[in-house]
*Asks:* 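Got a structure here, written out as structure tokens. Questions coming.
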Number of protein chains: 2
Amino acid sequence: MMRQGQNKKSRLQDAAKDVIHERGYERTRITDIAERAGVDAGSVYYYFKTKESFGTAVIDSLAKHYSALLEQAGLQPGPRKRINAFIQMVMDKRVLLAQHGCPVGGLCSELRKTAETVDLAQRASEVFREILDWLERQLRELGKAKDARILAEHVLCVLQGAALLAHSFDNPRHLQTQGRRLQRLILNL
Amino acid sequence: MMRQGQNKKSRLQDAAKDVIHERGYERTRITDIAERAGVDAGSVYYYFKTKESFGTAVIDSLAKHYSALLEQAGLQPGPRKRINAFIQMVMDKRVLLAQHGCPVGGLCSELRKTAETVDLAQRASEVFREILDWLERQLRELGKAKDARILAEHVLCVLQGAALLAHSFDNPRHLQTQGRRLQRLILNL
DNA sequence: GTCTATATGTGGATAGAC
DNA sequence: GTCTATCCACATATAGAC
């Protein structure tokens with residue numbers, strides 16, 4: 001019988017995703033995660049042997065999350081609407097993004113910097129890769145074969161830059177204005 | 001007689017700027033900085049009472065650095081050339097930026113997240129503010145009064161996003177391609 | 001599976017001799 | 001001004017009783 005166990009494990013994983021997003025990887029303590037999950041601090045190591053295993057769990061969870069977003073945006077008719085739906089999804093999270101930054105970008109930027117955490121960073125950057133591939137596919141459908149990749153990278157750059165500025169100034173406006181600008185660009189493509 | 005003192009202090013400040021850029025604020029130890037500066041670890045606290053004081057010193061140093069860059073770019077004849085000179089300066093640092101990310105963006109993103117370090121993050125974001133103001137002034141000279149601010153933000157977003165992608169994938173190419181794209185945009189304005 | 005107690009290691013910071 | 005020794009707080013992780 002591990003019913004309760006699975007429940008606690010997923011509660012810990014969800015809590016880790018939130019707390020690490022809010023505080024960054026390095027500054028979140030295992031006890032922070034336990035507290036957020038409502039799990040006794042002593043029990044944590046039964047589910048996650050190391051702090052790093054929390055990191056991979058969180059990144060895998062983010063990967064799934066963005067996969068689902070892309071899949072949902074893919075339901076729109078036509079590549080323009082699909083791309084703009086994705087941009088809109090990011091804009092809709094602008095308040096949260098201004099508060100804590102982009103969870104993927106934050107992890108990439110924090111974890112790339114040190115040898116002990118590069119593998120985590122690499123795993124996180126795969127989320128970017130998947131988004132870029134998806135965007136590129138949509139742009140190819142639009143007949144932008146020649147510079148589909150660079151355009152895809154442009155879209156992600158603007159979104160990530162806007163998230164960073166919004167976070168730095170604690171102001172969601174940047175995501176609003178740059179997102180709109182981006183949507184206009186896509187429509188005129 | 002504080003000749004040697006001033007020397008050591010500035011060596012520590014320079015070392016801090018480099019090491020914090022490379023490892024991030026949280027993961028750099030005071031001893032890392034001392035070692036890099038070639039200063040005995042015990043002497044450090046004579047010059048910098050706390051780790052936070054290293055943070056402010058580094059940010060002030062970055063602020064001066066970017067001020068100087070903007071001033072130099074400002075020597076170009078005409079706002080288009082001035083903006084593109086600044087973009088070029090960023091592109092010229094693409095290898096370093098891919099290795100360790102943008103020092104300003106990295107600090108903003110890392111330090112915003114926790115109450116103990118928000119003041120440092122705020123100070124760091126002032127560097128962004130200065131760049132945005134400078135860009136906006138150039139764009140106004142170009143007659144873009146109506147959306148000069150949003151265009152300025154767009155330029156910084158693309159550069160920061162490109163730096164983040166370059167860092168995440170450890171590949172300076174993103175700064176190259178997005179920088180070029182941005183320069184073309186400015187010329188066609 | 002859960003919780004208490006604790007080991008272990010580390011990093012920021014201080015006291016004080018020189 | 002410089003360096004040694006050390007304090008202290010804290011965070012990851014383990015051992016082991018229940």
Side-chain angles (χ1 to χ4, degrees), chain A residues 1-59 107 110-111 113-120, chain B residues 1-59 107 110-111 113-120:
Chain A
M1 186 71 67
M2 52 164 49
R3 177 86 54 84
Q4 176 67 349
Q6 285 295 11
N7 181 26
K8 279 199 182 180
K9 178 157 185 167
S10 73
R11 257 162 54 213
L12 282 167
Q13 185 165 346
D14 290 348
K17 196 176 69 170
D18 290 345
V19 180
I20 288 177
H21 183 202
E22 293 168 16
R23 301 183 48 94
Y25 179 80
E26 197 61 31
R27 288 195 68 114
T28 85
R29 294 164 288 245
I30 307 277
T31 53
D32 293 333
I33 298 171
E35 191 180 0
R36 181 73 61 98
V39 168
D40 187 280
S43 303
V44 171
Y45 285 92
Y46 178 77
Y47 299 101
F48 293 90
K49 307 299 175 210
T50 64
K51 185 177 180 178
E52 195 183 352
S53 70
F54 270 113
T56 65
V58 164
I59 292 165
L107 286 176
E110 182 182 5
L111 300 175
K113 292 184 161 49
T114 132
E116 298 91 324
T117 48
V118 253
D119 25 331
L120 280 178
Chain B
M1 184 75 66
M2 51 162 51
R3 177 86 53 85
Q4 176 66 348
Q6 285 295 9
N7 183 26
K8 279 199 183 180
K9 177 156 185 167
S10 74
R11 258 160 56 212
L12 282 167
Q13 184 165 345
D14 291 347
K17 196 175 68 172
D18 291 344
V19 181
I20 288 176
H21 183 201
E22 293 167 16
R23 300 182 49 92
Y25 179 81
E26 197 62 29
R27 286 195 70 112
T28 88
R29 296 164 284 244
I30 306 278
T31 54
D32 293 333
I33 298 172
E35 191 180 0
R36 180 73 61 99
V39 167
D40 186 280
S43 303
V44 171
Y45 286 93
Y46 177 77
Y47 299 101
F48 293 90
K49 308 300 173 209
T50 64
K51 185 176 183 180
E52 195 184 351
S53 70
F54 270 113
T56 64
V58 165
I59 292 165
L107 287 176
E110 182 182 5
L111 301 175
K113 291 183 161 50
T114 127
E116 298 91 323
T117 48
V118 255
D119 24 333
L120 280 178

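Note: hydrogens, waters and symmetry copies are ignored here, and every other heavy atom, side chains too, is used. Chain letters run A, B, ... following the sequence lines, proteins first and then strands; every chain starts at 1. Remember, it's a predicted structure, so these values are computed and weren't measured experimentally.
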*Asks:* So A/Ser53, base contact, sugar-phosphate only, or nothing? Heavy-atom distance under 4.0 Å.
*Replies:* nothing

*Asks:* Would you say the side-chain atoms of B/Thr117 pair up with the backbone N or O of B/Leu120, donor to acceptor, closer than 3.5 Å?
*Replies:* no

*Asks:* What is the distance, to the nearest angstrom, from the CD atom on A/Glu35 to the P atom on D/dA11?
*Replies:* 12 Å

*Asks:* Would you call B/Arg27-A/Glu116 a salt bridge at under 4.0 Å N-O?
*Replies:* yes

*Asks:* Is the cationic atom of A/Lys9 (NZ for Lys, CZ for Arg) positioned less than 6.0 Å from the six-membered ring centroid of A/Phe48 and within 45 degrees of its normal?
*Replies:* yes

*Asks:* Quick one: is the NZ or CZ of B/Lys49 closer than 6.0 Å to the six-membered ring centre of B/Tyr46, and within 45° of its axis?
*Replies:* yes

*Asks:* Please pick, from D/dA11, C/dT4, C/dT2, the nucleotide with the shortest atom-to-atom distance to any side-chain atom of A/Lys8.
*Replies:* C/dT2

*Asks:* Taking atom C1' of C/dG11 as reference, at what distance in whole Å does atom CD1 of B/Ile20 sit?
*Replies:* 14 Å

*Asks:* Could you give the CD-to-P distance, from B/Glu26 to D/dC10, as a whole number of Å?
*Replies:* 14 Å

*Asks:* Over all heavy atoms of both residues, which pair between A/Arg23 and A/Arg29 is shortest? Give the atoms and the distance, please.
*Replies:* NH2-NH2, 3.6 Å

*Asks:* With nearest nucleotide decided by heavy atoms, which residue, A/Ile30 or A/Gly42, maps closer to the 5′ end of DNA chain D?
*Replies:* A/Ile30

*Asks:* Atom CZ of B/Phe54 and atom C1' of C/dG11: how far apart are they, to the nearest Å?
*Replies:* 14 Å

*Asks:* Rounded to the nearest angstrom, tell me the gap between atom CD in B/Glu52 and atom C1' in C/dG11.
*Replies:* 16 Å

*Asks:* Rounded to whole Å, please give me the gap between CZ in B/Arg11 and P in D/dG1.
*Replies:* 13 Å

*Asks:* Among C/dG12, D/dT12, C/dA13, which is the nearest nucleotide to the side chain of A/Tyr45?
*Replies:* D/dT12

*Asks:* A/Asp40 has an atom CG; how far is it from atom C1' of D/dA17, in whole Å?
*Replies:* 15 Å

*Asks:* Which of these nucleotides, D/dT4, C/dG12, D/dT12, is closest to any side-chain atom of A/Lys51?
*Replies:* D/dT12

*Asks:* It should be established whether B/Lys49 places a side-chain nitrogen or oxygen under 4.0 Å from OP1 or OP2 of nucleotide C/dT14.
*Replies:* no

*Asks:* Is the phosphate of C/dG1, meaning OP1 or OP2, less than 4.0 Å from a side-chain N or O of A/Tyr46?
*Replies:* yes

*Asks:* Check this one for me: any side-chain N or O of B/Ser43 less than 4.0 Å away from OP1 or OP2 of D/dG1?
*Replies:* no

*Asks:* Expressed in angstrom and rounded to an integer, what is the separation of B/Leu12 atom CG from D/dT2 atom C1'?
*Replies:* 13 Å

